[in-house]
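Start at 1 and go down the list; that is how both ligands and their atoms are numbered.
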Amino acid sequence: MSDVLNLARPELRRLKPYVPGEYEPDTLRLNANESPWRAPGDSTARGLNRYPPPRPEVLTELLGKYYRVPKTELLVTRGSSEAIDILIRGFCAAGKDSILICPPTFDMYRVYAEIQGAGIIRVPLRRSADVRDDFGLDTDAVLRGLDGGAKIAFICTPNNPTGSSVPESSIERICKESRGRAVIVIDEAYTEFSDRPNLRPLQERFDHVVLLRTLSKFVSLAGVRCGTIVAAQSVIEFLSQVLPPYTFPTPSIELVTQALGADSLAVAEERIQILRSERARLIAALSALPKVEKVWPSDANFILIQARNGHELVRRARDAGILIRVFDNDPSLANCVRITVGRPEDNDRLLAALTS
Ligand SMILES: Cc1ncc(COP(=O)(O)O)c(C=O)c1O
């Protein structure tokens, strides 16, 4: 194995961590300058007058079981957005290092890189006239791009907003050939909606490969902000220094604990199946609309389409009280509209609005 931490910012590897005050249940806690009283209406088990634990250990344990990852190889973050932020801050020195992205893709990689003052190397997805082959990852170009000195490459699969997945063989080649050169971050935010297996077995083989997971999509918890970084223990220990203590709020800890119960996960699983069959129904119905020129296949809980006039389509939906999103800030997505798959009745409403 290479030592991936050689890629990290050396000054952060030497960072002296903050030492949080102790917390022990059933003790009088006069060590953290908290209020001794609960706020009116506070129904949490821990009490909102108390700081949350420095790290949500209960969730680390539960998510470890759920993702089948030892808890030493996992870090809980406020959504995978925060994971992207701390990875970039941990590995990219401002004004010196870069990330590599494959647009069109999730725009927050760019945003966090710019906030950190990191450069951005762009390796666009390959285009093809055949929608089944369109927006593929250009593996050779990614590997060449890494020669430009990127510290982190973000690979999003299934990709937002195209819905396309990257074949495991391409990712494996990138992982093999990037050892010692870059951290490969595989963003699996939508993996639960895809037929492809998740990439934990691949990640386990490489200490420079990191997976991002989120509870925002498949368990209906975008509002609690819970993401997970899965990585080698050394990477998790390093990132734990970059992530400040007490970031994960008490209500979110308690709500996620409930949501990871067997009943709630069974409901999430049923809903995934509904969304997948609704996705197929929507793709077929949208493809038949004269206003729609292209519909890309999707492994996620959204569909990308190209309309004759994207703004006109968005306006029609809006007139019916429905929001869909046009992506025209990227020239490769002119007139492209991303539609999140809703409940069957929501999708009926959308189709009626677009057909009228
Ligand atoms: C590809 C991808 N990664 C990460 C995120 C961030 O998810 P969250 O911060 O809600 O976990 C999103 C959100 O839409 C996304 O599309």
**Prompt:** Would one find an N or O of Y109, backbone or side chain, under 3.5 Å from an N or O of ligand 1?
**Reply:** no
**Item:** Pair Q258-E254, side-chain donor/acceptor within less than 3.5 Å
**Value:** no
**Message:** Checking a contact table here: which protein heavy atom is nearest atom 10 (O) of ligand 1, and how many Å away?
**Reply:** S216 OG, 2.6 Å
**Item:** Parallel, tilted or perpendicular: ring planes of Y246 versus Y18, cut at 30 and 60 degrees
**Value:** perpendicular
**Prompt:** Nearest protein heavy atom to atom 12 (C) of ligand 1, by residue and atom, and its distance?
**Reply:** F106 CZ, 3.3 Å
**Asked** Between E177 and R173, is there a side-chain N and carboxylate O pair less than 4.0 Å apart?
**Response** yes
**Message:** Regarding atom 7 (O) of ligand 1: of the candidates S80, C226, A83, P161, which has the closest heavy atom?
**Reply:** S80
**Asked** Considering only heavy atoms, does S81 approach ligand 1 within less than 4.0 Å through its side chain, its backbone, both, or neither?
**Response** both
**Request:** May I ask you to list the atoms of ligand 1 that are less than 4.0 angstrom from any heavy atom of Y190?
**Result:** 1 (C), 14 (O), 15 (C), 16 (O)
**Message:** So for ligand 1, is R225 a polar contact partner (N or O within less than 3.5 Å, distance only)?
**Reply:** yes
**Asked** Do D138 and R126 sit within salt-bridge range, that is, some charged N less than 4.0 Å from a carboxylate O?
**Response** no
**Message:** To check your reading of the model: name the closest protein heavy atom to atom 3 (N) of ligand 1, its residue, and the distance in Å.
**Reply:** D187 OD2, 2.6 Å
**Message:** Between the side chains of R281 and E278, is the shortest nitrogen-to-carboxylate-oxygen separation below 4.0 Å, so that they form an ion pair?
**Reply:** yes
**Fill in**
Looking only at protein heavy atoms, what sits closest to atom 14 (O) of ligand 1 is K217 NZ, 2.8 Å
**Prompt:** Would you call E172 and R205 a salt bridge, using N to O less than 4.0 angstrom?
**Reply:** yes
**Item:** Electrostatic pair D346-R343, nearest N-O below 4.0 angstrom
**Value:** yes
**Asked** With atoms numbered from 1 as shown, which atoms in ligand 1 lie under 4.0 angstrom from a non-hydrogen atom of C156?
**Response** 1 (C)
**Request:** For G79, counting its heavy atoms only, list the atoms of ligand 1 lying under 4.0 Å from any of them.
**Result:** 8 (P), 9 (O), 11 (O)
**Message:** Less than 3.5 Å apart, any donor N or O on the side chain of E269 or Q273 sitting next to an acceptor on the other?
**Reply:** yes
